[in-house]
Amino acid sequence: MNSKKLNEASKFLSYVLRHEPQSIGLQLDMEGWAEIDILIAGAAKEGCVLDRELILAVVSSSDKKRFAISNDAQYIRAVQGHSTGSVNLQYVKKEPPEYLYHGTATRFLESIQQQGLLSGSRHHVHLSQDIATATSVGQRYGTPVVLQIEALQMYQQGFNFFQAENGVWLTGHVPNFFIHQE
Ligand code: HQG
């Protein structure tokens, strides 16, 4: 399957499964699951041709493993990155490693120093386990800079951490006190 088609379908799935399900008349349950047949029908009404084969190809080829299919193969969800208020994934709390990393762009640094890391429109601040991943996340917005987060220290002080199925670490807010510039 050609990569342009996969990429476009992946962006469309991210949009409807994380942010705007109502744009195609789709309902997600609290855990973010959408019925695949309804998703396909809703997309078709908006002129986006999706079929099961394409959806499964996107899921299996996603570099970041963004999506999951239910055991009965009837449902699909995004595993993290939501902004829609209709979803509240029950991630399991987990002790993080000593350090986690957040990739951002240099132009956000001043604001981050003032406010710490904020989740913005998403439900959580996203953190990576390694510097290389964080660098590529930061690159999306400009000149990348990697921040080192004292994750274990935060956890020991009562901050909650979660890990999505695809390995991305999530937390609510990172105060500047726990942030060091790499
Ligand atoms: C920044 C991708 C100013 C933050 C990636 C980031 C990730 C602040 C931007 C996932 C700030 C938000 C999420 C503050 C945070 N002042 N800027 N106080 N606090 N920021 O896209 O973490 O391809 O919502 O540094 O791999 O970049 O979508 O979050 O630059 O896992 O699957 O505000 O998205 O995955 O941007 O990326 P985003 P993110 P997918």
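Counting convention: from 1, in listed order, for ligands and their atoms alike. When a residue number appears, it is its place in the shown sequence, counting from 1.
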Checklist entry - When rounded to the nearest 0.5 angstrom, what is the spacing between CZ in F108 and CD in Q113? => result 14.0 Å
Item to check | Side-chain heavy atoms of V174 within contact of L147, under 4.5 Å | outcome: no
Checklist entry - Who's touching ligand 1 if we go heavy atoms under 4.0 Å? => result R18, K64, R66, H102, T104, F108, S111, I112, Q115, G116, L117, L118, R122, H126, V137, R140, Y141
Next on the checklist: Going by the rule side-chain hydrogen bond (donor to acceptor under 3.5 Å, both in side chains), which residues pair with T84 if we only count those two or more places apart in sequence or in a different chain?
Outcome noted: S86
Item to check | Residues E165 and K65 bridged, charged N to O under 4.0 Å | outcome: no
Next on the checklist: Ignoring hydrogens, what is the shortest heavy-atom contact between Q129 and P97? Give both atom names and the distance.
Outcome noted: NE2-CG, 4.2 Å
Next on the checklist: Is there a continuous path of hydrophobic side-chain contacts, each under 4.5 Å between heavy atoms, that joins V168 to L127?
Outcome noted: no
